[in-house]
Asks: 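Have a look at this one.
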Amino acid sequence: MPRPELEALQLERLRRIVRLTWDKVGYYRAKMEAAGVAPEDIRSLADAAKLPFTTKDDLRGCFPYQAFAAPMDDVVRIHASSGTTGQATVVGYTRQDLDMWSELMARLQTAAGVTKSDIVQIAFGYGFFTGGIGHHYGVEKVGAAVLPVSSGKSERQIQIMKDYGSTVLICTPSYGMYLAELIEKTGIRKELRLRLGLFGGEAWTEGMRQALEKGLGVFATDNYGLSEVLGPGVACECVEQRGMHIAEDHFLPELIDPATGEAAADPHGAGGELVLTTLTKQGIPVIRYRTRDLCTFLPGDCACGRTGRRMSKVSARSDDMLIIRGVNVYPQQIEEALLSIEGVAPHYQIVVSREGALDVLEVLVEVTENLFFDEMTKQQAMKDKIGRKLETSLGVHAKVRLVEPGSTPRSEGKAVRVIDKRKPA
Ligand code: DLL
């Protein structure tokens with residue numbers, strides 16, 4: 001859709017959704033009243049900036065159903081975020097929402113190259129998590145054959161891939177990496193028919209993309225979303241692999257400076273925190289949701305012809321930032337530095353602790369089997385090389401420990417890369 005037409009559609013939908021939340025959700029009405037803004041004040045897309053933000057804590061405060069705009073009679077599905085770090089956030093979908101979601105998932109999968117001839121293995125968890133079921137309905141809509149395997153039982157995943165001739169794998173990048181490792185160990189790579197990997201649900205670097213493409217023998221694309229806003233389907237890479245197209249007919253994206261809440265000064269350069277407003281959701285519309293995900297908007301048109309604005313890969317979550325002796329460090333920077341070094345396996349763990357008054361950053365790095373059993377001098381040279389690379393990239397010293405292949409934890413869903421021993425348990 002040409003941009004002017006798209007923006008006119010966004011405005012019409014924005015006005016409708018603001019009115020809906022004002023009429024149906026006491027929580028939003030109270031917030032808008034406190035901010036001195038009413039539905040009739042929204043006359044242009046820029047007026048969205050007048051609306052108050054919504055945070056995860058706000059939605060937690062509405063537990064379980066207070067943020068729903070549709071009556072329970074019209075809600076046909078409920079998902080929730082895992083709630084491992086506090087009260088869960090609960091989201092409800094109407095029939096219309098589910099149709100829209102399937103449509104966006106089919107769009108995402110088609111953009112990544114999936115066709116009706118594919119056999120698609122979904123290795124995301126099914127359940128309250130939106131990854132498994134969200135992708136499932138998209139695959140059915142595309143008309144490909146879905147293998148609803150869910151996550152875990154990794155040896156069985158490989159067996160299924162081989163027996164059923166899976167051509168597409170859908171999971172988190174860290175689980176994809178774990179499966180790649182198992183495939184390597186079992187030596188059955190040549191017997192597999194995998195050709196595409198659709199990865200999302202957690203941040204991953206270009207280095208990880210290369211490792212996944214090589215390890216699984218696939219063309220790998222990224223897809224982004226979050227349960228509070230929809231689940232997967234908010235943004236996706238096309239086969240150009242150059243940024244993720246935001247489904248702008250259903251979401252209004254903004255980039256803000258996370259410190260001030262003002263529009264990011266340089267959205268194409270330094271970027272900012274992504275803020276999303278749902279434009280069509282009926283069950284639980286969300287106004288200006290602060291995702292905490294940091295990214296940039298990519299300028300220019302995409303060769304694929306889609307006009308939806310592209311966001312870069314998520315470089316970090318603002319809550320994942322580690323402060324090491326006063327220096328801000330993001331786990332993604334560490335991954336990027338590590339994977340630029342030949343001989344480093346894409347498995348690592350970050351441990352932060354305190355010795356006296358000093359923060360200590362330690363990076364456990366798996367190296368290839370050959371190197372691990374190699375002479376001490378070679379190992380020392382590798383350690384020094386990684387240490388130097390980390391120090392230049394991060395601006396802070398990191399202790400490097402080379403560990404045996406297979407010794408850092410493997411993930412079946414979202415990887416936990418950081419252990420911060422400074423925090424009370
Ligand atoms: O992870 C939804 C999803 C499932 C997206 C499957 C893609 C594929 P939540 O559990 O609510 O929902 O977690 C959302 O995960 O705010 C990001 O921090 C992170 N995230 C999701 N996708 C990506 C991605 C699902 N492609 C949170 N790159 C988000 C970086 C991602 N981070």
Side-chain angles (χ1 to χ4, degrees), residues 54-56 59-60 78-91 93 101 104-105 107-109 111-112 120 122-139 150-151 168-176 197-206 208-209 212 220-238 241 243-247 251 253 258 271 273-276 278 284 286 289-296 310-321 330-332 335-336 411-418:
T54 305
T55 64
K56 194 171 183 90
L59 293 182
R60 282 189 175 130
I78 291 171
H79 281 278
S81 72
S82 60
T84 44
T85 53
Q87 179 74 271
T89 48
V90 180
V91 285
Y93 303 75
W101 193 13
L104 290 190
M105 295 312 296
R107 214 190 254 187
L108 174 168
Q109 291 154 357
V120 183
I122 298 187
F124 267 131
Y126 279 61
F128 270 139
F129 177 56
T130 52
I133 295 184
H135 271 283
H136 181 105
Y137 285 97
V139 176
S150 196
S151 67
V168 180
L169 174 67
I170 301 187
C171 59
T172 58
S174 56
Y175 194 41
L198 277 58
F199 302 107
E202 63 184 0
W204 51 305
T205 59
E206 285 300 328
M208 191 60 86
R209 188 201 308 266
L212 282 162
T221 49
D222 194 357
N223 67 89
Y224 168 87
L226 58 167
S227 47
E228 290 80 5
V229 169
L230 179 74
V234 174
C236 66
E237 261 180 357
C238 63
Q241 291 180 319
M244 293 184 277
H245 291 278
I246 301 172
F251 308 100
E273 177 184 337
L274 182 67
V275 168
L276 292 166
T278 65
I284 173 166
V286 188
Y289 187 70
R290 290 196 57 165
T291 65
R292 304 272 166 203
D293 294 320
L294 305 178
C295 65
T296 63
R310 286 166 301 148
M311 59 185 267
S312 66
K313 269 185 167 305
V314 173
S315 59
R317 277 187 67 78
S318 56
D319 9 9
D320 283 349
M321 187 177 81
Y330 288 104
Q332 255 47 55
E335 180 174 304
E336 208 168 86
S411 121
E412 294 178 349
K414 302 193 186 208
V416 180
R417 303 276 191 203
V418 182

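By convention here, the first residue in the shown sequence is residue 1. If you're wondering where the values come from, they're calculated on a predicted model, not measured in any experiment. Every number for a ligand or one of its atoms is a count from 1 in the order of the listing.
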Asks: Any nitrogen or oxygen of His135, main chain or side chain, under 3.5 Å from a nitrogen or oxygen of ligand 1?
Replies: no

Asks: For atom 27 (C) of ligand 1, which of the options Arg292, His79, Lys414, Met244 provides the nearest non-hydrogen atom?
Replies: Lys414

Asks: Test your reading of the structure: does Gly201 have an N or O sitting under 3.5 Å from an N or O of ligand 1?
Replies: yes

Asks: At the 4.0 Å heavy-atom cut-off, does Phe129 count as touching ligand 1?
Replies: yes

Asks: Please could you name the atoms of ligand 1 that Asn223 approaches to less than 4.0 Å, counting only its heavy atoms?
Replies: 7 (C), 8 (C), 22 (N), 24 (C), 26 (N)

Asks: Going by the order shown, which atoms of ligand 1 are within less than 4.0 Å of some heavy atom of Tyr224?
Replies: 22 (N), 23 (C), 24 (C), 26 (N), 31 (C)

Asks: Under 4.0 Å from any heavy atom of Gly131, which atoms of ligand 1 are there?
Replies: 4 (C), 6 (C)

Asks: May I ask you to check if ligand 1 and Ser81 share an N or O to N or O distance below 3.5 Å?
Replies: no

Asks: Purely on distance, is any nitrogen or oxygen of Trp204 under 3.5 Å from one on ligand 1?
Replies: no

Asks: Out of Cys171, Ala80, Ser227, Gly200, who is nearest to atom 12 (O) of ligand 1 when you count heavy atoms only?
Replies: Ser227

Asks: Tell me which one of Asp222, Thr205, Thr296 satisfies side-chain hydrogen bond (donor to acceptor under 3.5 Å, both in side chains) with Lys313.
Replies: Asp222

Asks: Is a side-chain donor or acceptor of Glu228 paired with a backbone partner of Leu59 at a separation under 3.5 angstrom?
Replies: no

